[in-house]
Amino acid sequence: MTKIAAVILVGNAAEAERQARIALGKGADLVELRLDEIVDLGPKTIRHLAKSLGEHAIATNRSPGQGGAQRRGGAPRSALMKEICGQRFAYVDVELEEDGAGLDVLARVAHDHGTRVIVSHHFAEAVEVHRASETLEACAARGDIAKVVTPVADFEAAIQLIDVARVRTDRPRPMILIGTGPAGMVTRALADALDQEIQYASWGNAAAPGQLPLATAARLRGREPIILGLVGHPLGHSLSPLIHETALAALHLPAVYLPFDIPLESLDQFLLAVDRLRIRGFNVTHPLKESLSQRVDELDADAERLGAVNTVVVQDSWTVGHNTDVYGFRVSLRALGLRVGDRTALVVGAGGAARAVVHVLLREGASVQVTNRTIARAEALADSFDDLVAVVPMETLQRAGPWDLLVNATPIGMKGAVAPGLPVPEAIVAKAAFVYDLVYNPTATPLLQAARRLNRPGTSGLDMLLHQAAKAFELWTGQSSPFDAMRRAAKEALR
Ligand SMILES: NC(=O)c1ccc[n+]([C@@H]2O[C@H](COP(=O)([O-])OP(=O)(O)OC[C@H]3O[C@@H](n4cnc5c(N)ncnc54)[C@H](OP(=O)(O)O)[C@@H]3O)[C@@H](O)[C@H]2O)c1
């Protein structure tokens with residue numbers, strides 16, 4: 001079973017020891033003591049740390065060329081490394097390049113003390129997979145465990161690394177092969193499945209981009225991993241990872257939710273790889289919702305009606321597309337006690353979210369009008385609903401209404417969005433009895449602030465987001481979602 005090492009990156013030996021003990025108490029099998037971070041590292045400190053933590057520690061003295069802070073090179077480094085190898089640690093990390101000349105001597109000294117030798121190499125830039133593979137073999141030839149770390153630029157590079165690790169699992173020398181960065185997270189999540197000797201987990205600040213937090217790594221340990229995630233391109237900030245990680249942690253499921261930044265041209269390859277990567281399901285975001293609806297094996301009724309998928313379930317290579325935005329909006333209306341049957345609604349926007357909203361409102365029996373910046377898009381939306389929807393140009397809104405419900409299905413008002421302000425003038429907001437803003441960040445959107453000024457009740461899109469996430473979670477895991485925990489985490493993040 002892969003051992004989990006919490007990486008301890010602090011500048012002071014006493015603090016490193018204190019943090020290490022807490023991490024070991026929180027489920028780490030090992031701690032990686034980043035000795036290079038400790039100011040004025042000397043024999044006394046090394047001996048003390050070996051005595052107090054050695055049997056649970058990897059001693060690492062990372063050089064600057066390998067991403068570390070140990071500036072002592074040449075003879076001073078050799079002396080330090082000899083001191084480290086001369087103590088009893090569970091593992092010592094020796095660098096293929098920096099320590100190459102004296103490596104055999106260091107290994108002998110370490111073995112005399114019962115310490116296993118990790119020979120490592122960290123690439124600063126992404127490299128071709130054959131170079132990573134050759135370097136892994138070079139490390140394996142010199143140590144007990146071979147470790148290679150390389151940045152991966154995209155999902156395809158991560159798959160190549162995984163394939164290298166997979167064909168290597170029958171070799172006698174254990175290995176650690178890690179892709180760093182968001183695209184490389186899957187190489188870490190599959191550490192156990194790939195028989196990696198050690199999973200380096202973050203404790204406090206991540207030592208390398210993409211490291212899984214200790215709690216997540218501990219949840220996966222020794223269990224068949226379930227990979228979930230968010231697919232889109234580019235992946236902007238999303239609350240989905242936080243919401244799903246909270247749910248997975250609350251139920252202690254052996255699963256992880258990862259970012260998959262997949263451009264359209266890589267989508268087919270991603271779908272071909274889902275099984276190999278143990279991906280059980282994923283959410284879909286801009287701009288892939290429609291493209292995926294054409295590529296999955298099966299669609300549920302809502303996804304088929306809208307031609308858009310925001311959740312995919314994978315089972316035995318069979319992909320089923322769902323549209324849980326529809327569910328999320330419908331359930332949130334109920335939760336708010338909003339009855340829209342025989343009522344009037346104005347939907348602002350004509351994109352994917354607007355279509356999900358219109359679909360629900362029509363099904364509930366509302367009379368729906370749509371307005372949009374690009375009127376042709378509103379007309380296309382109306383067309384696809386057999387003209388059950390009336391299109392109102394923005395310029396004539398002042399003559400339309402009043403409405404029982406106004407829904408903003410544009411990003412206007414969203415934090416960081418290019419368009420601040422209101423999706424329609426305040427005089428139009430005044431003609432609505434209830435205001436539903438699909439935007440949820442900030443919680444008090446400009447539109448909801450306008451509604452408050454006008455004494456109109458309203459809601460943000462947070463409940464819709466949470467209900468759609470809850471549905472996706474249930475589809476993937478077959479378990480009821482811990483809704484309150486998910487809501488608390490999202491609200492906390494939005495504060
Ligand atoms: N709460 C939730 O669970 C939830 C779920 C899904 C979506 N959403 C939110 O809903 C919003 C729309 O998502 P979507 O997937 O429908 O996006 P989309 O398919 O890209 O559609 C965007 C819509 O907004 C309009 N728009 C964009 N920028 C505009 C601007 N500067 N001025 C006027 N109109 C503008 C577009 O008009 P044009 O046609 O003229 O380009 C289009 O109608 C997003 O903010 C998203 O975060 C929330």
Side-chain angles (χ1 to χ4, degrees), residues 230-240 242-244 283-293 302-303 306-311 322-333 335-336 346-360 369-384 389 391-395 397 406-425 428 435-443 445-448 458-473 486-487 490-491 494:
L230 177 64
V231 173
H233 179 75
L235 286 180
H237 177 74
S238 164
L239 271 185
S240 295
L242 171 78
I243 292 172
H244 286 295
N283 284 132
V284 186
T285 185
H286 195 73
L288 302 176
K289 290 182 174 183
E290 285 80 18
S291 316
L292 259 156
S293 76
D302 289 330
L306 298 176
V309 155
N310 80 330
T311 300
H322 300 262
N323 193 310
T324 66
D325 281 340
V326 171
Y327 174 90
F329 185 64
R330 188 188 320 125
V331 172
S332 76
L333 285 181
L336 286 163
L346 173 68
V347 177
V348 186
R355 295 167 69 82
V357 164
V358 167
H359 178 57
V360 172
Q369 296 186 329
V370 171
T371 190
N372 192 43
R373 174 178 64 179
T374 310
I375 204 69
R377 202 159 169 209
E379 278 158 2
L381 182 150
D383 258 8
S384 69
V389 176
V391 174
V392 185
M394 288 271 182
E395 313 76 68
L397 276 178
L406 182 150
V407 182
N408 173 38
T410 77
I412 297 173
M414 189 163 73
K415 189 174 173 186
V418 276
L422 298 176
V424 287
I428 306 299
V435 175
Y436 196 133
D437 197 345
L438 258 51
V439 174
Y440 51 79
N441 189 11
T443 323
T445 65
L447 178 60
L448 290 176
T459 188
S460 81
L462 184 59
D463 265 11
M464 173 177 170
L465 179 81
L466 287 165
H467 285 295
Q468 71 75 25
K471 182 71 184 170
F473 185 88
M486 293 158 86
R487 189 204 296 268
K491 283 198 159 163
L494 291 173

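In what follows, residues are counted from 1 in the order of the sequence shown. Counting starts at 1 for both ligands and their atoms, in listed order.
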Quick note on ligand 1: atoms under 4.0 Å from a heavy atom of Gly349 include exactly 43 (O)
Atoms of ligand 1 under 4.0 Å from any heavy atom of Gly352, numbered from 1 in the order shown, are 16 (O), 19 (O)
Worksheet item: Does atom 17 (O) of ligand 1 have any protein heavy atom closer than 4.0 Å?
Response: no
* Scan the protein's non-hydrogen atoms and note whether one is under 4.0 Å from atom 48 (C) of ligand 1. => yes
Ligand 1-proximal atoms of [X], by part, heavy-atom distance under 4.0 Å:
| X | result |
| --- | --- |
| Asp325 | side chain |
| Asn372 | side chain |
| Tyr440 | side chain |
| Asn310 | neither |
| Met464 | both |

Inter-residue atom distance [X].[atom1] - [Y].[atom2], 0.5 Å rounding:
| X | Y | atom1 | atom2 | value |
| --- | --- | --- | --- | --- |
| Leu438 | Asp325 | CG | CG | 8.0 Å |
| Tyr327 | Gln468 | OH | CD | 11.0 Å |
| Lys471 | Asn310 | NZ | CG | 12.0 Å |
| Asn323 | Arg355 | CG | CZ | 10.0 Å |
| Asp463 | Leu333 | CG | CG | 10.5 Å |
| Met414 | Thr445 | CE | OG1 | 11.5 Å |

Open item on the list: Side chains of His359 and Asp302: any donor to acceptor distance under 3.5 Å?
Closed with: yes
Using distance alone, with no hydrogens and no angle criterion, decide if Ser460 and Asp437 have a side-chain donor and acceptor under 3.5 Å apart.
no
* Step by step, work out the side-chain contact (heavy atoms from CB on, under 4.5 Å) result for His244 and Leu230. => CA-CA 10 Å; His244 286 295; Leu230 177 64; over 6 Å; no
Looking at Glu290, Arg377, Arg373, the heavy atom closest to atom 30 (C) of ligand 1 belongs to Arg373
Note: heavy atom closest to atom 22 (C) of ligand 1, options Pro411, Ala378, Gly461, Ser238, belongs to Pro411
Considering non-hydrogen atoms of the protein only, which is the closest contact for [atom], and what is the distance?
| atom | value |
| --- | --- |
| atom 9 (C) of ligand 1 | Leu438 CB, 4.2 Å |
| atom 12 (C) of ligand 1 | Ala409 O, 3.3 Å |
| atom 20 (O) of ligand 1 | His286 CE1, 3.9 Å |
| atom 7 (C) of ligand 1 | Ala353 CB, 3.5 Å |
| atom 21 (O) of ligand 1 | Gly351 CA, 3.4 Å |
| atom 32 (N) of ligand 1 | Ile412 CD1, 3.4 Å |

Per side chain to side chain contact (heavy atoms under 4.5 Å, CB included), Leu346 is matched among Asn408, Val407, Leu397 by Leu397
Leu465 N/O to ligand 1 N/O under 3.5 Å = yes
If you measure every N or O of Thr374 against every N or O of ligand 1, does any of those distances drop under 3.5 Å?
yes
Worksheet item: Is the side chain of Thr374 donor-acceptor paired with the backbone N or O of Ala376 at a distance under 3.5 Å, no angle test?
Response: no
- prompt: Relative to the ring of Phe329, is the ring of Tyr436 parallel (under 30°), tilted (30 to 60°) or perpendicular (over 60°)?
  reply: tilted
Open item on the list: Measuring from non-hydrogen atoms of Ala350 to any atom of ligand 1, is the shortest distance under 4.0 Å?
Closed with: yes
